[in-house]
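Reminder, nothing fancy here: chain letters follow the sequence lines and each chain counts from 1.
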Protein chains: 2
Amino acid sequence: MTTDVPQTRIQRKNREAIYGAALEVFSTEGFRGATLDQIAAAAGLSKPNLLYYFPSKEAIYTGLLSGLLETWLDPLRDIDPTGEPIEEMLGYLCRKLEMSRDFPRESRLFANEILRGAPHILDQIEGPLRTLVDEKSALLRGWAAAGRIAPLDPHHLIFSIWSTTQHYADFGAQVSGILGSEGEAHFKDAEDFLTILFRSALTPVNN
Amino acid sequence: MTTDVPQTRIQRKNREAIYGAALEVFSTEGFRGATLDQIAAAAGLSKPNLLYYFPSKEAIYTGLLSGLLETWLDPLRDIDPTGEPIEEMLGYLCRKLEMSRDFPRESRLFANEILRGAPHILDQIEGPLRTLVDEKSALLRGWAAAGRIAPLDPHHLIFSIWSTTQHYADFGAQVSGILGSEGEAHFKDAEDFLTILFRSALTPVNN
DNA sequence: GTCTATATTAAGATAGAC
DNA sequence: GTCTATCTTAATATAGAC
């Protein structure tokens, strides 16, 4: 987006610290709920100094979002058209689940944004993301036509992988409240369950 | 919770109007993002009049949440232990999907709350909700032991039904951005897909 | 019960010294 | 580049008349 070239390395370091702090605060408080005081404190800067690096609260937020969206979609891009279809899809499932485990703040940041109608990233959803999803959907349709996976609706299949895996990050408070213990203990069980769920649905020879 | 007995019917009518307005505003803006001005305008009242009926913004929010949580769990309660297991679970799936279609604001309200760590309803999650989920999990384990459904982890099965169905309400902006057209057109496809997904996983005789 | 007017705080953003 | 001090707006909540 803003192809600014930070010159000094103290600038670069501070911008990174701000993005880290912003991720922490925005992901738990949402855009409106987050305050510049919180972000400045988390970044170890004064509030005016924060606004020396970014022109506004919204600039921090949009810069953070667009920077993360790119890497967020890497697992989907990594589905290999030349691989074994079911293992490719189960591998994608596991990578998504790992991202919920290892990057829950990023997941919640996007969840917050989309919940409100995705005002800042709707363009990227309707553009690059849609293109990528359509491309992978075509791949899935090809696999289904070749009898290598079951003939499922590819878009809704992708949605179901997103929702089931991101659930453990976005709704982690509920998961922990129901299962008891905190932490990452549930992720192994979740992986086992989801692998069975999607393998049984993807396997073509259920006739 | 507040076992207030509204006396006049104008009181009751205004309280209902406020809850309706609060649902609209809180579900799209979140707790912090919502303002009393917005809620008062949506309810057709002045701001001080709003605060005649409720002592604070938070009181409106918590009253709304706890009132809705009760009915939100009805579909889960309605799973019939004496019914045919797979049809009971697929029926539950469909009822949850219908709730996402018909009550997306309620779904987003809860999603917002849980995303932030469920500060206002953690007690009800760890109490009544957990009890209900554990009860239904025991039922599912019994069905699995009897060979009537596949032996899946019951908690994660329930989570996956929640996440896949609520996705169409909570992440509706993304779904519409990718599939194109707005509205409820996607729900039929979603129902078909999810029915296949869960039927294939629940059916026991895949050996 | 409903209103106008207002007190009070919090938060985004800026001025200007160093 | 970083700070203190401050401007400005907006938002929760209250006072008090009707």
Side-chain angles (χ1 to χ4, degrees), chain A residues 1-2 4-66 109 112-113 116 119-120, chain B residues 2 4-65 109 112-113 116 119-120:
Chain A
M1 182 76 22
T2 53
D4 37 8
V5 182
Q7 280 140 351
T8 76
R9 64 195 60 136
I10 188 170
Q11 268 182 346
R12 177 145 180 74
K13 184 190 150 205
N14 274 338
R15 289 180 68 93
E16 288 304 309
I18 291 169
Y19 275 137
L23 172 61
E24 181 67 28
V25 178
F26 281 132
S27 67
T28 60
E29 308 287 340
F31 178 72
R32 293 283 307 265
T35 71
L36 291 180
D37 286 281
Q38 290 174 297
I39 297 171
L45 297 172
S46 68
K47 189 161 54 169
N49 202 10
L50 196 73
L51 291 165
Y52 169 79
Y53 289 96
F54 291 88
S56 69
K57 178 183 177 180
E58 191 161 12
I60 303 174
Y61 183 71
T62 56
L64 180 65
L65 265 187
S66 62
L109 184 77
N112 256 310
E113 169 70 11
R116 277 162 192 69
H120 299 88
Chain B
T2 53
D4 37 7
V5 182
Q7 282 142 350
T8 75
R9 64 194 59 138
I10 188 169
Q11 268 182 345
R12 178 148 178 74
K13 184 190 151 204
N14 274 339
R15 288 180 68 93
E16 288 304 311
I18 291 168
Y19 275 137
L23 172 60
E24 181 67 28
V25 178
F26 280 132
S27 67
T28 59
E29 308 287 339
F31 178 71
R32 293 283 306 267
T35 72
L36 292 180
D37 285 281
Q38 290 173 296
I39 298 172
L45 296 172
S46 69
K47 190 161 52 169
N49 202 11
L50 195 73
L51 291 165
Y52 169 79
Y53 288 96
F54 291 88
S56 69
K57 177 183 178 180
E58 190 160 11
I60 303 174
Y61 183 72
T62 56
L64 180 66
L65 265 186
L109 185 77
N112 255 310
E113 169 70 11
R116 276 162 192 68
H120 299 89

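- For the side-chain hydrogen bond (donor to acceptor under 3.5 Å, both in side chains) test, residues two or more places apart in sequence or in another chain that qualify with B:Thr35 are B:Gln38.
- For B:Glu16, there are no side-chain hydrogen bond (donor to acceptor under 3.5 Å, both in side chains) partners two or more places apart in sequence or in a different chain.
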Each nucleotide of nucleotides 3-18 of chain C classed B (base within 4.0 Å of a protein heavy atom), S (only sugar-phosphate) or -, in 5' to 3' order, makes BBB-----SBBB----
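- With sequence neighbours excluded, the residues satisfying side chain to side chain contact (heavy atoms under 4.5 Å, CB included) with A:Leu51 are A:Leu36.
- Atom OH of B:Tyr53 is separated from atom P of D:dA13 by 18 Å (rounded to the nearest Å).
- Evaluation of the salt bridge (Lys or Arg N to Asp or Glu O under 4.0 Å) rule for B:Lys47 yields B:Asp37 as partners, not counting sequence neighbours.
- Not a single ring pair (Phe, Tyr, Trp, His ring centres under 6.0 Å) links A:Tyr53 to another residue, sequence neighbours left out.
- With a 6.0 Å cutoff to the six-membered ring centre and a 45° limit on the axis angle, A:Lys57 does not count as a cation-pi contact of A:Phe26.
- Every pair passing side-chain hydrogen bond (donor to acceptor under 3.5 Å, both in side chains) that includes a residue from residues 22-33 of chain A is listed here, sequence neighbours excluded: A:Glu24-A:Arg105.
- If you take CZ of B:Phe54 and P of D:dT12, they are 15 Å apart, rounded to a whole angstrom.
- The distance from atom NZ of B:Lys13 to atom C1' of C:dG1 is 13 Å, rounded to the nearest whole Å.
- By the 30° and 60° cut-offs, the orientation of the rings of B:Phe31 relative to B:Tyr61 is tilted.
- Helical stems of DNA chain C (runs of at least 3 Watson-Crick or G-U pairs, donor-acceptor distances under 3.5 Å) are listed by first residue: C:1-18 with D:1-18.
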